[in-house]
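Here's the structure, in structure tokens; my notes come after.
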Amino acid sequence: MLDKKTQVKHMFDAIAYRYDFLNHFLSAGVDVYWRKKALKLTKLNKDAVLLDVACGTGDFAIEAKKFGVQKIFGADFSFNMLRLFNKKSGWIIGRNLQMEAEKLPLKPSTVTNITVAFGVRNFYNIPEAFSSFHSALTENGKATILEFMMPTNSLFKILYRLYFKFILPVIGRIVSKDKKAYNYLPDSVEEFDKTIDLVKLFYNAGFKTVERYNLTFGLVQVVIAEK
Ligand SMILES: C[S@@+](CC[C@H](N)C(=O)[O-])C[C@H]1O[C@@H](n2cnc3c(N)ncnc32)[C@H](O)[C@@H]1O
């Protein structure tokens, strides 16, 4: 049995070429709005030095570029996702490097912002990643997490389960040709929601303030932690 780190890395390397299409198709394009809204809530400043962790094919970093941010770096442990990011952005985004969220090889206090969209749920050690974020951020620097959650409204919960358990895995399997990847998504969201309290984990990692917002009837959450 492979450990979580190896399983997740293999999974994203395998589905990388279908990732963007499936992402926008399965969310009906709402994922674009979620990333934009998360950056607005962060009050992202154009002088920021931003590290987009679990950057994948780069949609969060590319959105940040539209906010006028010049210094943007991407970090991800999947080589294939990074390769697509570089191809897609034509290297307009700083440098994208193969790194683990849990072990960012950065000097202390080097970036003003860290962003993670739909990545934290996949980390093999969230407390370790948040400590690593805390060290890499400057004083008053912010970490912004965008992640799925289970909707709080009962009707939405039912619709969510129907969509995520029966529709999404079938489309995901056909398009990505990966049997497991799109079953993993609903299972990991439910498990994550039951067991992980991001706000508490940020405080434990030493952040001084943490804010949490629900978007689109509680389908996704934005958590912003300030050092
Ligand atoms: C669902 S994708 C999100 C990509 C992108 N942020 C977006 O908004 O579309 C999750 C990404 O997290 C990366 N990832 C998962 N765990 C990681 C870890 N521990 N360290 C670095 N990258 C990780 C995967 O390789 C994958 O590219």
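Order of appearance sets the numbers: ligands from 1, and atoms from 1 within every ligand. Because only heavy atoms are used, hydrogens play no part in the values below, and waters and symmetry mates are left out as well, while side chains stay in.
- For Glu190, the salt bridge (Lys or Arg N to Asp or Glu O under 4.0 Å) partners are Arg161, Lys165, not counting sequence neighbours.
- Both Phe123 and Phe192 are members of a single hydrophobic cluster when ILVMFWY side chains are connected at heavy-atom separations under 4.5 Å.
- With respect to the salt-bridge test (charged N to carboxylate O, under 4.0 angstrom), the residues Lys5 and Glu100 qualify.
- Looking at Glu128 and Lys103, a side-chain N of the basic residue comes within less than 4.0 Å of a carboxylate O on the acidic one, giving a salt bridge.
- Partners of Thr42 under the side chain to side chain donor-acceptor pair (under 3.5 Å) rule, at least two apart in sequence or in another chain, are Thr144.
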Throw together a table of side-chain donor-acceptor distances under 3.5 angstrom for residues 216-227, partners on residues two or more places apart or in other chains.
from, atom 1, to, atom 2, distance (Å)
Thr216, OG1, Trp34, NE1, 2.8
Gln221, OE1, Arg212, NE, 3.0
Gln221, OE1, Arg212, NH2, 3.4
Lys227, NZ, His134, O, 2.8
Lys227, NZ, Leu137, O, 2.7

Give one line per pair: atom of ligand 1, protein atom, distance. Only N/O to N/O under 3.5 Å.
from, atom 1, to, atom 2, distance (Å)
ligand 1, 6 (N), Ala54, O, 2.8
ligand 1, 6 (N), Ala117, O, 2.9
ligand 1, 8 (O), Arg35, NE, 3.0
ligand 1, 8 (O), Arg35, NH2, 3.1
ligand 1, 9 (O), Tyr19, OH, 2.8
ligand 1, 9 (O), Arg35, NH2, 3.0
ligand 1, 19 (N), Glu102, OE1, 2.9
ligand 1, 19 (N), Glu102, OE2, 3.3
ligand 1, 20 (N), Ala101, N, 2.9
ligand 1, 22 (N), Phe77, N, 3.3
ligand 1, 25 (O), Asp76, OD1, 2.6
ligand 1, 27 (O), Asp76, OD1, 3.3
ligand 1, 27 (O), Asp76, OD2, 2.7

